[in-house]
Amino acid sequence: MASSMNIESGTMSDDHHDKGSKSNKKKPINWPLLLLNAAFMAIGVIGGPLLSRLYYLHGGGRKWVNTFTQSAGFPILFAPLFFLYLRHRSNPQSTHFFMESKLFVASAIIGVFVGLDNFLYTLGLSYLPVSTSSILYATQLAFIAVFARIIVRQKFTPFTINSVVLMTLGSVLLGLRTSGDRPAGVTGKGYLFGFFLTLGSAGLIGLVWPCVELCYAKATRVLNFTVVLQFQLNVAAFASIVSFIAMIANKDFQAMQRESREYGLGQTMYVVVLVGGAVVWQFSFLGGLGVIFCVGSLLNGILSAVLLPMTEIAAVFAYHEKFTGEKGMALALCLWGFTSYFYGEYQTNKKAKALTKEQADDQYN
């Protein structure tokens with residue numbers, strides 16, 4: 001059943017892999033699995049930037065160390081994968097457990113790009129408040145929309161276009177009127193540098209997500225959520241390798257000992273901030289891949305865009321950042337766009353069900 005919480009049953013439909021003909025039918029949505037992954041995204045998208053900024057606020061300054069935390073939490077994925085492997089071994093009808101070799105290669109390449117994207121985002125965040133960085137990062141939706149149209153032939157409805165335009169306008173509005181909230185010690189040039197780094201990061205991740213969707217579509221075997229977990233583990237592992245090599249070259253491991261001793265919240269909290277950030281960021285990326293698996297890359301962008309302003313609100317309370325009228329307007333536009341998208345999806349699903357029922361009635365008559 002599509003509504004079952006059984007993650008093994010959340011497979012891609014066969015028409016997704018049919019090379020002989022293309023079907024216009026959409027695969028049924030596994031709503032419990034989609035909601036679970038949306039919850040994972042919410043934890044990561046809101047909590048990740050807050051912890052990354054907390055590292056900087058109390059004396060942390062190693063850019064590649066902070067970048068490393070965004071992908072280094074992948075070992076937590078071994079626990080659910082081990083459980084699923086035991087379950088697979090106990091089921092005599094199960095055939096394949098491990099993902100295909102071409103998915104392994106694709107996820108490794110994507111992991112390298114994710115590692116670079118993490119660095120762009122982390123470096124940008126060192127120059128910007130969390131609230132500004134988060135809403136700017138929401139422009140990834142516009143990049144996802146463009147790349148999804150080119151790479152996976154994403155079909156747009158008027159509601160989808162309206163949603164993309166509204167959320168992009170919200171981000172642009174914030175970007176035009178935030179020069180007054182730059183952190184202490186950051187120059188105007190530094191602020192502008194962080195602004196464009198964050199936009200570059202949004203553009204790169206906007207390319208990555210449709211590429212992930214394309215990888216899913218090109219898989220020879222039917223996909224399930226176990227493969228999604230393996231895909232994420234590999235992406236995060238290779239992203240971590242990029243950061244790890246850079247940390248060695250930058251002599252960050254030696255510097256971390258001194259930095260931890262001088263950290264404003266103490267050595268214990270230094271470790272807690274970094275480890276906690278690694279775990280929370282892992283939820284973000286896992287949730288993103290899961291949402292793409294359940295629906296597509298565009299919905300992933302929509303959810304990210306609506307969650308990032310929530311991060312902005314959290315930063316206002318946690319770090320006493322300014323909540324200006326422009327930020328309020330940007331938040332309203334993002335929520336409006338989010339509502340528009342889901343109303344459009346509701347209308348589309350309603351028409352699809354009516355058409356299916358009509359075709360079934362015709363077969364019986």
Side-chain angles (χ1 to χ4, degrees), residues 39-79 114-115 117-134 137 181-186 190 194 197-198 201 236-237 239-287 307-308 310-323:
F40 286 161
M41 280 190 68
I43 293 170
V45 171
I46 296 174
L50 293 176
L51 288 170
S52 291
R53 186 61 189 167
L54 185 63
Y55 168 76
Y56 288 129
L57 285 175
H58 295 280
R62 315 303 295 186
K63 307 298 187 301
W64 279 109
V65 170
N66 213 355
T67 300
F68 184 67
T69 64
Q70 294 186 42
S71 56
F74 68 89
I76 66 173
L77 299 179
F78 283 113
V114 168
D117 178 79
N118 289 344
F119 179 68
L120 289 177
Y121 175 82
T122 300
L123 188 57
L125 186 61
S126 67
Y127 294 101
L128 300 174
V130 174
S131 53
T132 303
S133 174
S134 295
Y137 198 65
D181 70 342
R182 62 175 179 256
V186 176
L197 281 172
T198 305
S201 175
S240 298
I241 290 172
V242 171
S243 301
F244 189 80
I245 293 173
M247 287 172 66
I248 294 175
N250 204 34
K251 298 182 179 179
D252 283 334
F253 289 103
Q254 297 92 318
M256 285 176 68
Q257 296 180 4
R258 174 183 52 79
E259 190 175 74
S260 66
R261 289 193 299 268
E262 299 174 356
Y263 193 64
L265 297 178
Q267 282 186 286
T268 302
M269 280 303 298
Y270 181 83
V271 175
V272 170
V273 168
L274 292 180
V275 174
V279 173
V280 169
W281 276 116
Q282 196 60 214
F283 279 115
S284 173
F285 288 105
L286 175 60
L307 286 170
L308 286 168
M310 303 301 176
T311 309
E312 172 191 344
I313 295 175
V316 169
F317 286 102
Y319 302 140
H320 306 291
E321 296 180 358
K322 296 178 182 178
F323 189 80

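Values reported hereafter were calculated over all heavy atoms of this structure, with side chains retained and with hydrogens, waters and symmetry mates removed. In this text, all values refer to a predicted model and were calculated from it rather than measured experimentally.
Here Ser240 pairs with Ser71 under the side-chain hydrogen bond (donor to acceptor under 3.5 Å, both in side chains) rule; sequence neighbours left out. For Phe283, the side-chain contact (heavy atoms from CB on, under 4.5 Å) partners at least two apart in sequence or on another chain are Phe40, Ile43, Val279. Shown here are the side-chain hydrogen bond (donor to acceptor under 3.5 Å, both in side chains) partners of Tyr263, two or more places apart in sequence or in another chain: there are none. In terms of the side-chain hydrogen bond (donor to acceptor under 3.5 Å, both in side chains) criterion, Asn118 has no residue partners (sequence neighbours excluded). Checked against ring pair (Phe, Tyr, Trp, His ring centres under 6.0 Å), Phe253 has the following partners two or more places apart in sequence or in another chain: Phe244. The side-chain contact (heavy atoms from CB on, under 4.5 Å) test applied to Ala255 returns Arg62, Arg258, not counting sequence neighbours.
Of all the heavy atoms in Val280 and Gly48, the pair that sits closest is CG1-N, 3.3 Å. In plain terms, the two heavy atoms of Ser133 and Thr198 that are nearest each other are O-CG2, 3.7 Å. Closest non-hydrogen pair, Ala314 versus Leu50, comes out as CB-CD1, 3.8 Å. The minimum heavy-atom distance linking Thr67 with Ser243 is given by the pair CG2-OG, 3.4 Å.
Sorted by first and then second residue, the side chain to side chain donor-acceptor pair (under 3.5 Å) pairs involving residues 272-282 (not counting sequence neighbours) are Ser52-Trp281, Gln232-Gln282. Applying the salt bridge (Lys or Arg N to Asp or Glu O under 4.0 Å) rule to pairs touching residues 46-59 yields nothing, sequence neighbours excluded. Note on residues 263-275: no pairs pass salt bridge (Lys or Arg N to Asp or Glu O under 4.0 Å), not counting sequence neighbours. Listed by first and then second residue, the salt bridge (Lys or Arg N to Asp or Glu O under 4.0 Å) pairs involving residues 239-249 amount to none (not counting sequence neighbours). Judged as a ring pair (Phe, Tyr, Trp, His ring centres under 6.0 Å), the pairs with a partner in residues 51-78 (not counting sequence neighbours) are, in order, Trp64-Phe119.
Note that the CG atom of Leu286 and the CD1 atom of Ile76 stand 7.5 Å from one another [nearest 0.5 Å]. Considering CG of Leu307 and CE of Met41, their distance stands at 6.0 Å, rounded to 0.5 Å. Between Tyr319 atom OH and Leu54 atom CG the span is 4.0 Å, to the nearest 0.5 Å. To the nearest 0.5 Å, the span separating CG on Asn250 from CD1 on Ile245 amounts to 13.5 Å. In this structure, Leu123 CG and Leu128 CG are separated by 10.0 Å, a value rounded to the nearest 0.5 Å.
At a threshold of 4.5 Å between non-hydrogen side-chain atoms, the residues Tyr121 and Pro49 count as touching. Side-chain atoms of Tyr137 and Thr311, non-hydrogen and from C-beta on, never get closer than 4.5 Å to each other. Contact check for Thr69 versus Leu51: no side-chain heavy atoms found under the 4.5 Å cut-off.
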Could you pull out every donor-acceptor pair under 3.5 Å between side chains of residues 267-278 and any protein atom, sequence neighbours left out?
{"residue": "Tyr270", "atom": "OH", "partner": "Glu259", "partner atom": "OE1", "Å": "2.6"}

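For Ser201 (side chain) and Leu197 (main-chain N/O), no donor-acceptor pair under 3.5 Å exists by modelled atom type.
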